[in-house]
Amino acid sequence: MRRSGDEPRHARSALRLRLWLSLWGVAASVFGITVFALTGHPRWALVCGAALLVVLFDLAVVVRHIRQGPHYQPGPDIPPYHHPE
């Protein structure tokens, strides 16, 4: 594969993998909140609650990107476009 020099602009993400990892993170965070709250560890329950907020935000971003559908990605034979200065 040939590098074009502007990979960060055209980077792609494994959105389905991120979706499943986010769903696992939601389940793990809810489980952690429940267990720590029931066993009398409120600080750890708050930590799991903070993790849940981060995971839910990431899940919302992933779902939004999946719903947007694929975007045009130039092939490796297309040179990077640089704005004229």
Side-chain angles (χ1 to χ4, degrees):
M1 185 168 138
R2 206 174 101 214
R3 292 181 54 133
S4 64
D6 66 344
E7 284 79 12
R9 287 191 199 161
H10 302 289
R12 301 177 105 187
S13 175
L15 291 176
R16 301 277 182 215
L17 177 63
R18 280 180 62 190
L19 175 72
W20 287 109
L21 289 174
S22 293
L23 291 174
W24 182 86
V26 168
S29 297
V30 169
F31 177 77
I33 290 170
T34 305
V35 168
F36 288 127
L38 292 176
T39 58
H41 295 90
R43 290 185 181 146
W44 283 108
L46 286 175
V47 169
C48 288
L52 179 62
L53 292 177
V54 171
V55 170
L56 287 174
F57 178 77
D58 183 55
L59 185 61
V61 169
V62 169
V63 168
R64 180 177 177 265
H65 286 193
I66 288 174
R67 287 186 179 186
Q68 284 180 341
H71 298 284
Y72 170 73
Q73 296 291 321
D77 57 332
I78 307 295
Y81 175 76
H82 299 289
H83 293 285
E85 307 259 2

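As the structure is a prediction and not an experimental result, all values here were calculated from the model.
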Can you check whether D58 reaches V62 side chain to side chain, under 4.5 Å on heavy atoms? yes

Only one of T34, V30, V35, I33 passes side-chain contact (heavy atoms from CB on, under 4.5 Å) with C48, and that residue is I33

Side chains of V47 and R43 in contact at under 4.5 Å (non-hydrogen atoms): no

Linked, directly or transitively: W20 and L56 (ILVMFWY side chains, under 4.5 Å): yes

Using the rule that two of Ile, Leu, Val, Met, Phe, Trp, Tyr join whenever any of their side-chain heavy atoms come within less than 4.5 Å, decide whether V54 and F57 are in one cluster. no

For residues W44 and F31: do they belong to one hydrophobic cluster (side chain heavy atoms under 4.5 Å, members Ile, Leu, Val, Met, Phe, Trp, Tyr)? no

Linking I/L/V/M/F/W/Y whenever any side-chain heavy atoms sit under 4.5 Å apart, do L21 and L23 land together? no

Taking a hydrophobic cluster as the set of Ile, Leu, Val, Met, Phe, Trp and Tyr residues connected by side-chain heavy atoms closer than 4.5 Å, whether directly or through intermediates, do L52 and L19 fall within one such cluster? yes

For the student: nearest non-hydrogen atoms of G25 and V55, plus distance: C-CG1, 3.9 Å

